[in-house]
Amino acid sequence: MHSFPNIRPLGGQVPVSDLTVSVYRIPTDTPESDSTFKWTHTTLVLAEIEGGGKHGIGYTYGSPAVATFIDKMLKPLLGGADVMNIPETAGLLTAAVRNEGNCGVAAMALSAVDSALWDLKAKVLGLSLSDLLGKVRPEMQLYGSGGFTSYTIDRLQEQLGKWAQAGFRGVKMKVGRRPQEDERRVRAARDAVGGHAALFVDANGAYHAREALEKAEQFAQYGVSWFEEPVPAADLKGLQFIRTRVPPSMRIAAGEYGYNLPYFDAMLQAGAVDVLQADATRCGGITGFLKAGYLCEARQLPFSSHCAPALHLPAALALPSFCVAEYFYDHVRIEKMFFDGVPEPANGMLRPDPGRPGLGLELKRADAGKYAL
Ligand SMILES: [Mg+2]
């Protein structure tokens, strides 16, 4: 048998020795809204896992109930779990929450823990997570995302215009809170970004199907090339109806509320989207996000990440189906406030630092502590 003396053997037992969970409530810089929701703060739930003398972090954006769920339901199961065997651990945790349902609070809790395990495993091996997962590309393309319906036209133009000037190839704004104002706001956004960036809109499920079709024609006049959740994402027939009738230059996108693989599979089977979105802080962490990306690869459909750009970077680089990541205003702000090592975009692209192990993020404990609940 040949030996490979320079390679650390995988599969060695590296037991989880501790898990702690904390919750932070971070005010937005101004009150924000989309078509169907208003918010003045964001809640971040952070899972920290110890093992092999290292420290892994994972997080999700959800209610404090997620933290309680991690502490009461998942922590007792994790003691001694092998950091090197994440599929085994993820399977055990998923089976354990059968009666709570593999969605919502339970799925967000699983997601934070899964991401923390991947961060920890990479740190134990002394690798960046992007090197552990492997890459099909060196950097991740971004689109700037904000354009809230609470913004004035001036603020909307300033934010989107700044991203376009910085080299982002796409920007996204919210529509649908006051449908009669959509056209004026979309026109203003196009004026702000000119021909430099693709213009995306997100209706967060505001319209019914026929209304969405009318809106698609209206938005197409301003070169909108991505129409996200024109109807509620649960309405797969409605999405399919719209997708097959909009101009060919317009993509229908949805999937951010996907918590598990059967959800994404149903969306793809229904022909509901041109671009599938998934959020690793909801859909089972790095593990669930990779699986959703492979579903897209099988169908030759582009795959995109929702929110939390720093967390998605390593997995996005590993997926052939991946096209573009959402550089979401609120989460970019929070990631920079909370973590050292957050990569800075260059010309609309994000590149990992191979010298930083794991996700490359270190919690700024004193800064984060100001927002602890
Ligand atoms: Mg959205």
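Remember, it's 1-based here, ligands and their atoms both numbered in the order they're listed. In what follows, residues are counted from 1 in the order of the sequence shown. Note: hydrogens, waters and symmetry copies are ignored here, and every other heavy atom, side chains too, is used. From a predicted model like this one, the values you see are computed outputs, not experimental measurements.
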Participant: Using the test side chain to side chain contact (heavy atoms under 4.5 Å, CB included), find all partners of Ala122 that sit at least two apart in sequence or belong to another chain.
Facilitator: Leu129, Leu132
Participant: Tell me if the centroids of the rings in Tyr143 and Phe168 come within less than 6.0 Å of each other.
Facilitator: no
Participant: Counting only heavy atoms not in Lys54 (residues, nucleotides, ligands), do more than 12 fall under 6.0 Å from its NZ?
Facilitator: no
Participant: What verdict does the side-chain hydrogen bond (donor to acceptor under 3.5 Å, both in side chains) test give for Thr287 and Trp118, after you've listed the backbone C-alpha separation in whole Å, the side-chain angles of each residue and the deciding distance to 0.1 Å?
Facilitator: CA-CA 9 Å; Thr287 300; Trp118 277 106; 2.9 Å; yes
Participant: Mind jotting down which residue pairs meet the side chain to side chain donor-acceptor pair (under 3.5 Å) criterion with at least one end in residues 58-70? Sequence neighbours excluded, please.
Facilitator: Tyr59-Glu335
Participant: Return the number of protein N, O or S atoms with a distance to the Mg ion (ligand 1) smaller than 2.8 Å.
Facilitator: 3
Participant: List in chain and number order the residues that pass side chain to side chain donor-acceptor pair (under 3.5 Å) with Ser130, two or more places apart in sequence or in another chain; answer none if no residue qualifies.
Facilitator: Ser128
